[in-house]
Asker: 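Structure in structure tokens, see below.
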Amino acid sequence: MNKTFVVLFLTISILSLVSHTKAVETIDENIKIDNDIGSENIGHKTDDLVNQKKEEHDQTTKLWTEKYEKELKDSMENYKFKAHTSKVMEIIVNSIYSNKDIFLRELISNASDALNKLRFLSLTDSSILGEGDNQLLEILIDIDEEKRILNIRDRGLGMTKKDLTEKIGKIAESGSKDFIDKLQKKDDSIIGQFGVGFYSVFLVADEVTIYTKHYSEEEQDQLIWKCNVSIEDGNENIQSGYTISVDPRGNTLGRGTTISLHIKEGEQYDKYLKHVKLQKLIEKYSRFIDFPIYLWKSEWEDIEVTATESDDDQEEEQSIDTESEEEMEEEAEKVEKEKKTKIEQVERWKWVLMNKQKAIWTRPKSEITEDEYNEFYRLISKNNEDPFIYTHFIAEGDVEFKSILFIPGTIPFGSFERFNPKIKSVKLYVRRVFITDNFMDELVPQYLAFLVGVVDGDNLPLNLSREQLQKHVLLKKIKKMITKKTIAMFKKLLVVKDLDDEDALEQRDKFWETYGTNLKVGALEEKDATIKKRIRELLRFKTSKSGDGFITLDEYIERMDENQKKILYIGGTNSKVLMSSPHLEKVLKKDWEVIFCTDPIDEYLFLAFRDEKYKGYEVSDMSKESIDVKEISEKEKKKIEELEEEHSYLLDWFKEIGGDQIDKVRFSKKLIDSPCVVSTKDFGVSARMERILKNQALNNRDMNYIMGLYKKTFELNPRHPLILALDEAVKKDPEDETIKKFGQLLFDTALIGSDIHLENVQDYTKLVFHMMSVGLDVDLDTFVPQTDSDVDNDDNEEDSLFDEDEDEEIVDMDETSYKDEL
């Protein structure tokens, strides 16, 4: 009986559904259907509410009929553009905007402004918000991919006919070519005028329709504004005018505006009908808008559903062969007691919130937790680790803006590439709308390119398309404020007051290892004298007394000997090599401290200190020829002069050995243990700087020529045994070839020990081998003959490197006979 009833019920239901479908199809044949855009279509709080709103929407939507078409035409008013519209369109498409994606940012910004104004008015008159869904201040975006329609809906102020003609149509109502002239000249005075932001829609749309209802009760009509783009001779032009009509459907919006775009045909425009693309644009440009932005889209969800009778039958059929009759009865009893369920994936369409993350920089610092700051950093930096430090501040005065800046835990790759477009870590917002992150050094100095953060102001100077900052005096002030705040973060990390705080010391050392080079670049490039001074006070260097640690220049000055008048430094590859440098023998014996410049940029930095000094102290390079220790006594000075005069033959002999590389040879005032050293001229570049310049990518012949002008000074230790022995040998026979080779070896070795580039390394190695043979009394031209085991026994004689008889004697031959033999 029950089965019969069920079958009868299903049959009646199916017949009713078919009858209803045919009735709808019959009605539809007599109705001219157009878009239902502009009508209510919301619901996003819960699934039940979505379904409820969808049902209401289906029931109340008024389709266009011939009657509505007639009413629309009767109320339609045509407005002619007075300006040269084709030229306007050309400028908008080709000149003002460099990126088509901007259109969505502009429309959402306009919607946000409308909502902001309504919220402000509601503070004094709450009835403006209305009731029900009208109280929801939100932005709704939906797509009809089949009809190529994109809708942007807001519940803001709405517009009157006057607003439509003056605000939307203002680009065309300027009355002359003055607008075009200003556009072409990029005149700043037109920024914010002529409805330029709205007209960015024509970058992607060939037809734009606005449905709007003003919030005031006096404005009863819902209006429709419409404008098309025509194509003439392959060029896109805004048509000669636009129309404004009264919406014959009545008030379907309640309040606010819907902008409907018919997206142009073509692959380059199809992406704007995809939810993925819209999500990316909203996330990039409008994620921090004050009002919620919802996108109507589908999502797949796993839901638990009751298994159907067919599912049960199928399961029974599969198990009938394996289950006994008794087991089947037990299973049937179990099914009766509890319902069977299964998991299915269901596609659900709903309003999905796109901007969950709020602009935390607009909140007071006292209300934001450490975790919230770190989470925000990870969001904007796409980095999973926490930052070193951050600062949150509000700038007031001539320029007002809010900002949060982070110093990453690791320096971003490529942050020193001056023209690297991928370094886009500081983002500019105006009223929480993203403008640009494409800076060279207008907002952030290049040496701070690693910074991550946001700068948000209400009235920052932007160009016409709102894509870039203008060159403006306020920019310098913003940049200066950002730089000062960043240097303050540096100081907080680098200046540790409690030396027993191991965590702080470890954090300081790690930070300096990561960003020390950036500070050195800032100490060179920063143009503001006050900021440059603050940066230089934070610089840290290894010294002859610091071991593995670093000290500041101020700490170095505090530790200087009372007889020391200058800051001493020397450049090299590492501290270990520099500690054994012949240039430092005398100052280290006096227990004076020397700064080690192991970073290539240190050379440039101390060259700057040489010109500008550091807090009144001159700097001195210990690799130069002058000695910067306490002046020697007159007696010692006179003795050195007498020695140089007495042994002038030795100095002249070494001058001939050094050739063009040597400007002069003298007895040294700074050597103690080493026999000799090569020093650079006081007013030339150091040996390390010369090596750096030669290795630069832009090196050229002119640079090599200039480097050749900086000749060296060869300094001898008159008390060293090697020098004394050579002096005796030269005195006896200055033309002795063996003694000359000893002198050459000594000079070349001194060049290497002084970190000076050898012009011909092969000649040096041959010289070393020769002198070894002399010392060991070995003839380098005598080789041990090859044996049978040394010869390749391969039958193919062509593969043999040597083709000689086993008993053949190896004989010497000069270069000419050797070439002839070949």
Side-chain angles (χ1 to χ4, degrees), residues 580-586 589 622-627 629 631-682 687 710-781:
S580 59
S581 173
H583 294 289
L584 304 184
E585 290 177 356
K586 194 159 189 173
K589 187 174 183 180
M622 295 307 297
S623 68
K624 298 298 180 68
E625 61 182 355
S626 295
I627 183 169
V629 294
E631 287 294 331
I632 60 176
S633 64
E634 288 295 326
K635 182 178 179 181
E636 186 177 359
K637 185 177 180 181
K638 186 176 181 180
K639 184 177 180 180
I640 291 176
E641 291 177 351
E642 291 175 353
L643 281 173
E644 288 180 347
E645 184 176 353
E646 181 180 352
H647 299 272
S648 58
Y649 59 87
L650 179 65
L651 304 183
D652 293 339
W653 184 79
F654 268 114
K655 177 66 172 65
E656 186 177 347
I657 293 291
D660 294 337
Q661 291 180 274
I662 295 300
D663 178 58
K664 63 180 177 180
V665 182
R666 70 178 189 181
F667 286 125
S668 177
K669 306 178 184 69
K670 58 185 178 183
L671 293 175
I672 294 179
D673 299 322
S674 299
C676 56
V677 70
V678 178
S679 302
T680 53
K681 306 294 289 183
D682 287 340
Y710 295 125
K711 295 185 178 182
K712 316 297 187 296
T713 297
F714 189 35
E715 301 188 36
L716 306 176
N717 185 350
R719 293 175 292 277
H720 198 278
L722 282 179
I723 302 301
L724 295 175
L726 280 172
D727 181 71
E728 290 295 328
V730 170
K731 185 186 295 184
K732 291 181 180 178
D733 185 4
E735 299 302 325
D736 188 310
E737 290 299 324
T738 300
I739 299 301
K740 283 187 176 181
K741 289 181 179 180
F742 271 116
Q744 186 69 52
L745 180 62
L746 186 69
F747 175 70
D748 289 345
T749 305
L751 288 175
I752 296 173
S754 303
D755 196 26
I756 296 174
H757 176 67
L758 276 180
E759 295 297 334
N760 196 327
V761 178
Q762 294 302 322
D763 287 348
Y764 175 74
T765 56
K766 289 179 181 179
L767 180 60
V768 171
F769 295 152
H770 174 76
M771 299 312 296
M772 289 176 66
S773 69
V774 172
L776 295 172
D777 193 20
V778 174
D779 186 357
L780 293 179
D781 295 328

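All values below come from the heavy atoms of this structure, side chains included, with hydrogens, waters and symmetry mates left out.
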Asker: Count the heavy atoms of every other residue, nucleotide or ligand shown that sit under 6.0 Å from NZ of Lys655, and state whether that count exceeds 12.
Answerer: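 Above 12, so yes.
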Asker: Tell me, do Asp727 and Tyr649 make a side-chain contact under 4.5 Å, heavy atoms counted?
Answerer: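 A side-chain contact exists here, since the closest heavy-atom pair is under 4.5 Å.
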Asker: Could you point out which residue of His583, His720, Glu585 forms a side chain to side chain donor-acceptor pair (under 3.5 Å) with Ser674?
Answerer: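 Per the side chain to side chain donor-acceptor pair (under 3.5 Å) rule, the option paired with Ser674 is Glu585, out of His583, His720, Glu585.
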Asker: Salt-bridged, Lys669 to Glu715, with N to O below 4.0 Å?
Answerer: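 Answer for the salt bridge query: no.
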Asker: If the condition is side-chain hydrogen bond (donor to acceptor under 3.5 Å, both in side chains), which residues does Asp763 pass it with, not counting sequence neighbours?
Answerer: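 So Asp763 forms a side-chain hydrogen bond (donor to acceptor under 3.5 Å, both in side chains) with Asn760.
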Asker: Is the closest side-chain donor-acceptor distance between Glu625 and Thr680 under 3.5 Å?
Answerer: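 No, no side-chain donor-acceptor contact under 3.5 Å.
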Asker: Can the ring centres of Phe714 and Phe747 be said to be less than 6.0 Å apart?
Answerer: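 They qualify: ring centres under 6.0 Å apart.
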Asker: Considering only NZ, NE, NH1 and NH2 on the basic side and carboxylate oxygens on the acidic side, decide whether Asp663 and Lys681 come within less than 4.0 Å.
Answerer: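 Judged by the 4.0 Å cut-off on N to carboxylate O distance, Asp663 and Lys681 do form a salt bridge.
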Asker: Is any side-chain heavy atom of Leu746 closer than 4.5 Å to one of Pro675?
Answerer: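 Result yes, sub-4.5 Å side-chain heavy-atom pair found.
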Asker: For Thr749, which residues count as a side-chain hydrogen bond (donor to acceptor under 3.5 Å, both in side chains) partner, sequence neighbours excluded?
Answerer: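 Thr749 satisfies side-chain hydrogen bond (donor to acceptor under 3.5 Å, both in side chains) with Tyr764 only.
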Asker: Taking only residues two or more places apart in sequence or in another chain, which ones pass side-chain hydrogen bond (donor to acceptor under 3.5 Å, both in side chains) with Lys639?
Answerer: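 Expected list: none.
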Asker: When you compare the side chain of Ile739 with that of Val730, does any pair of heavy atoms fall below 4.5 Å?
Answerer: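 Result yes, sub-4.5 Å side-chain heavy-atom pair found.
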